[in-house]
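Right, one structure below, let's go through it.
In what follows, every chain begins at residue 1, and chains take the letters A, B, ... in the order their sequences are listed.
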There are 2 protein chains.
Amino acid sequence: MTTAQRPTLEAVARRAGVSRATVSRVVNGSTTVAEEIQEAVRRAVAELGYVPNLAARTLVTQRTDSIALIMPEAATRVFSDDQVFPGIIQGVSQELEAADKQLVLMLAGSAAGHDRVERYTLGRHVDGVLFASLHGADPLPGTLARAGIPAVCSGRPLDDSVPYVDVDHLGGVSRAVAYLLDAGRQRIATIAGPQDMVAGIERLAGYRDTLAAAGHPPLVAVGDFTRESGAAAMRQLLDRHPDLDAVFAASDLMAHGALRTLREAGRRVPDDVAVIGFDDIEMAAYTDPPLTTVRQPIKEIGREMTRLLLRMATGQPFEQTVILPTELVIRESA
Amino acid sequence: MTTAQRPTLEAVARRAGVSRATVSRVVNGSTTVAEEIQEAVRRAVAELGYVPNLAARTLVTQRTDSIALIMPEAATRVFSDDQVFPGIIQGVSQELEAADKQLVLMLAGSAAGHDRVERYTLGRHVDGVLFASLHGADPLPGTLARAGIPAVCSGRPLDDSVPYVDVDHLGGVSRAVAYLLDAGRQRIATIAGPQDMVAGIERLAGYRDTLAAAGHPPLVAVGDFTRESGAAAMRQLLDRHPDLDAVFAASDLMAHGALRTLREAGRRVPDDVAVIGFDDIEMAAYTDPPLTTVRQPIKEIGREMTRLLLRMATGQPFEQTVILPTELVIRESA
DNA sequence: CCCTGTCGTGAGAGCGCTCTCTCAGAGCGC
DNA sequence: GCGCTCTGAGAGAGCGCTCTCACGACAGGG
């Protein structure tokens, strides 16, 4: 334990022959300080290797210069290989880096974990809170909003309590289904996601609407975004509708599971059954056959959430809703 | 902005009819306070919804109760779908939660990002630093160690400057290769990982050693842990050694790429060529055929790193090195 | 020439907490 | 009954910073 006492403002001030206040002004970029004094202060800072003590600053400014990113640890989507998790983090991180703020990551798994998150965020230990893939109707965003703590969700919160960033699920799904229809597919089924998550709900709605508009009946099985659930749902669909000739899966992972089931059932893809997924994860290009899918800009979600939050935190005008575009990526499965 | 003034120690003290010091004692779990007074204080805390101001506490205790996890943003391994990243975070997070500390996540991509990490960690804004998959010979761990700031790496740092946690690469690889030998494979090739990363180096060494001990010549191609590189390396190997009958790939992603190349080349797996990967990522169970691979306990790495760091930070005795076991998972590709 | 305004700097008061030091009072031996 | 130790609680000093306010110097207008 080297106890090399770190230099304080005081030390810098003495060395530069000015007052603490002046050093503070220079360090924080005030323009009202004479050029040569600024120079002297900066030299002293460099010579002493001065680094401001954030705790002391926080104590008086009431800013922490850090924001929390809350992720539900248990959520299937988060820790499987669908890359939503790393993608969002990466986006958030980039945007925070530009703003010179810190990222405090909290995985809220257990009930105890949730309490901890609540204590920490409501205790104003961060300047704002980002929620990634909310599970159901968590009251925390609303609570934070009421406490005046900026918060942003990814995906529309069920109670509309805070601003959110989401992708155009409906548009993406609609394009995917339209593509299948254009290709002459007659019996288009879907493997839907969990119906307590916005992504699950919206993607199913998009499927229903587009199909209804074309006068086709919906063929629905429900999964939970995982491969296993996709494989199981596919079996169910084949049982109930042996004549289906296309499937839209609400996640690439489920599409992957479906692909396996189809192969086991002896159906050729895309000849017998066309398959389209959603997400465009890394793996989608490497399935057999490569997966046609709806790409969503995950990293952008993280970035937009962060931008929105920072605007809220600094009192700038901000939108209640940001919707990012999705895109149909054509490969070989459809 | 609701400016509901948050209650301070002072307020709690007044309400409970005691001094600030006593409230502090109760809040921090000192035992030298009479039971009924503790009770009164706790009631006041609950009634007022008091939450300690961490910044104020940090200012005097010099503890921040948070630790930094540094990840190289650019590293191929980190943001592809090999799940090393989420796995480590999850492990770290669980262990920190138990210790009631916060996780500050920093992605050090650019040179500017690296500077930022250095300033932040050397500025003692965290109680300790965790490095995930170091790239080459980063001097930062050593610098931190010299500054008396606890740090732990995943994988042996090239300069041995700080304690580290790693898995038993050699043992795992050795078991995999021995398994291939036992199955009567004669021409066993490897797709190695990048040779500037410990994981890449050690896994290749394990392959060489085991093969040499059995009197077989090494057949080596080098990749960078990604699918594409695995596919390319496999092509190279088939070109150079058309008679090979087994491949050990240093990552599942590369094994996946190799699988595709082998299929394109008309080789059957495992009949013509046996394939073994390393990592046991989620996807390994879903390749065609399902991948035999060496499992490494990623989440445990995160947990062990954190435990080690916390021990260092609290001045308890700690090991310089923790090696976690690997395990051969037999599926169908070998 | 004085008064007012402007600009740049310093003095000093806290921000909310912990921790040392002090002190009151209880218990006990002689 | 005196003085000792011991326990439990309070007083008060700061941790390092920001920010308001005051103040001196100088310029310009009356």
Determine, for [X] against [Y], whether the closest basic-nitrogen to carboxylate-oxygen distance falls under 4.0 angstrom.
{"X": "E35(B)", "Y": "R42(B)", "result": "yes"}
{"X": "K101(A)", "Y": "D65(A)", "result": "yes"}
{"X": "D115(A)", "Y": "R119(A)", "result": "no"}

Presence of [X] side-chain N/O under 4.0 Å of [N] phosphate oxygens OP1/OP2:
{"X": "N53(B)", "N": "dC15(C)", "value": "no"}
{"X": "T61(B)", "N": "dT18(C)", "value": "no"}
{"X": "T22(B)", "N": "dA9(D)", "value": "no"}
{"X": "S19(B)", "N": "dA11(D)", "value": "no"}

[N] [atom2] sits how many Å from [X] [atom1], rounded?
{"X": "L54(A)", "N": "dC15(C)", "atom1": "CG", "atom2": "P", "result": "20 Å"}
{"X": "L59(B)", "N": "dT18(C)", "atom1": "CG", "atom2": "P", "result": "11 Å"}
{"X": "E35(A)", "N": "dT9(C)", "atom1": "CD", "atom2": "C1'", "result": "16 Å"}
{"X": "R63(A)", "N": "dC15(C)", "atom1": "CZ", "atom2": "P", "result": "18 Å"}
{"X": "R57(B)", "N": "dC17(D)", "atom1": "CZ", "atom2": "P", "result": "21 Å"}

Checklist entry - Do R116(B) side-chain atoms and D100(A) backbone N/O form a donor-acceptor pair below 3.5 Å? => result no
Checklist entry - Does R15(A) reach the main-chain N or O of L48(A) with its side chain, forming a donor-acceptor pair under 3.5 Å? => result no
Checklist outcome for this item: Rounded to the nearest 0.5 Å, the CG atom of D166(A) sits from the CE atom of M305(A) at a distance of 10.0 Å
Item to check | Under 3.5 Å donor-acceptor pair, R6(A) side-chain atoms to dG16(D) base atoms | outcome: no
Item to check | Polar pair under 3.5 Å, donor/acceptor by atom type, side chain R25(B), base dT18(C) | outcome: no
Item to check | Partner nucleotide, any strand, of dC21(D) [Watson-Crick/G-U, under 3.5 Å] | outcome: dG10(C)
Side chain of [X]: nearest nucleotide among [options]?
{"X": "A21(B)", "options": "dC19(D), dA13(D), dG10(D)", "answer": "dG10(D)"}
{"X": "R20(A)", "options": "dT9(C), dC17(C), dT18(D)", "answer": "dT18(D)"}
{"X": "I37(B)", "options": "dC17(C), dG16(D), dA9(D)", "answer": "dA9(D)"}
{"X": "N28(B)", "options": "dT18(C), dT9(C), dA11(D)", "answer": "dT18(C)"}

Item to check | Nucleic acid contacts of residues 8-15 of chain A, taken as heavy-atom distances under 4.0 Å to DNA chain D | outcome: T8(A), L9(A)
Next on the checklist: I need the minimum non-hydrogen distance between L59(A) and A55(B), along with the two atoms involved.
Outcome noted: N-CB, 4.1 Å
Checklist entry - S161(B) and A145(B): which non-hydrogen atoms are nearest, and at how many Å? => result O-CB, 4.0 Å
Next on the checklist: What contact category does A34(A) fall into here, base, sugar-phosphate, or nothing, at under 4.0 angstrom with non-hydrogen atoms?
Outcome noted: sugar-phosphate
Checklist entry - Starting at the 5' end of DNA chain D and moving along, which residue's nearest nucleotide shows up first, A56(B) or V18(B)? => result V18(B)
